[in-house]
Amino acid sequence: MLTYPSLIGDVWLKLSDGGLVNGEGLAREMGVSKVAIWKAVDKLRSLGYSIESAKGVGYRLVSSPNIPHPWQVAKRLETRMLGSTIVFLDIAPSTQDIVKRVGKAGAVVFAGRQEKGRGRLGRAWFSTEKDLAFSLSLEPPNIPPYKMGLLSLIAGLAVCKAVGGRLKWPNDVLLGGRKVSGVLIEGEAQHDKLERVYVGIGINVNSTEGLEELGATSLKLHYSTEFNLAEVAARVLNNLEPLYISLIGGRGPIDEIKGAMDTLGKRVKVISFSEEFEGVAKDIDEDGSLIVESGGEVKRVLAGDVIHLRTCNAN
Ligand code: BTN
């Protein structure tokens, strides 16, 4: 398990601009021994970082692997709370389970690969080392459990803002009409208050195999270029924090959510826990519910899934 804050992370940060860094000077500056610096450099090399060294002169970072190691994400963060602790595991059952154990609000857990990645509604979520799978832990001070849907909407919105997609209610992100990302939200509530919420985000980033057959896509397939995983993750977190602050401060970014929502105005099939029906998606309620007009009736859908049927001009 790799974490940040950590010495190895701080050493990478010092080297990350590509300049020549003197080991002895770095040890003095960080208040550790020269051997500790040497060990950190050695560990970075074993993780795939290419670092040149010249005796008595210093170290120079030549290249870093495209892996969302905690320090690579931390370098790009502009947040105050999200990412206060960052963890990376090569393989995890599900990052949701790990973040629950890490506990701290603001903690973010990444996995290279998940053995039991979970999707919404009991589905499985598959991704590879070329993609992003991460979970974060939040302690919303004043959100009743029935508003949990809003938290997942803002997570989807943050992904949209980071990668340029549109939202499919409740929180799939579409690029060119195909799913590129999904959000899973799990909460712990007590006495009608959300104590802690775990937000899991999966983004198809650099994968290209087997997605189009499933009606899905990846950033690489859509934009025809390779993405830096830490950069994409940091962009999501940098977008999510102000949305979260707006949500816990009051009404939340409902208008922005509506603006990004591809579902509105579309004819949809709704599959909720209790029923299935078709109608036209009209609006998003203050608690994140989807308002659907069906057979002259207006229905509120708090949880469930929708299938976009075809664009409808009805207003
Ligand atoms: C969905 O579209 O059904 C939601 C997918 C959520 C997947 C992410 S990947 C990181 C986190 N860990 C999980 O096991 N699931 C979420």
SB check [X] [Y] (cutoff 4.0 Å):
X: Arg118; Y: Asp97; answer: yes
X: Asp287; Y: Lys147; answer: no
X: Arg80; Y: Glu241; answer: no
X: Asp305; Y: Arg120; answer: yes
X: Arg113; Y: Glu129; answer: yes
X: Lys75; Y: Asp17; answer: yes
X: Arg60; Y: Glu52; answer: yes
X: Glu256; Y: Lys161; answer: yes
X: Lys299; Y: Glu293; answer: no

Exercise for review: Might you point out which heavy atoms bring Glu286 and Leu150 nearest each other, and give the distance in Å?
Suggested key: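 Closest pair (atom of Glu286, atom of Leu150, distance): O-CD1, 3.2 Å.
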**Study point:** Donor + acceptor pair across side chains of Ser64, Trp12 (<3.5 Å)
**Key:**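 Judged by distance alone, the side chains do pair up.
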Practice item. For this output row, return yes or no: ring centroids of Phe134 and Phe110 closer than 6.0 angstrom. Key: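 Here the rings of Phe110 and Phe134 have centres that are less than 6.0 Å from each other.
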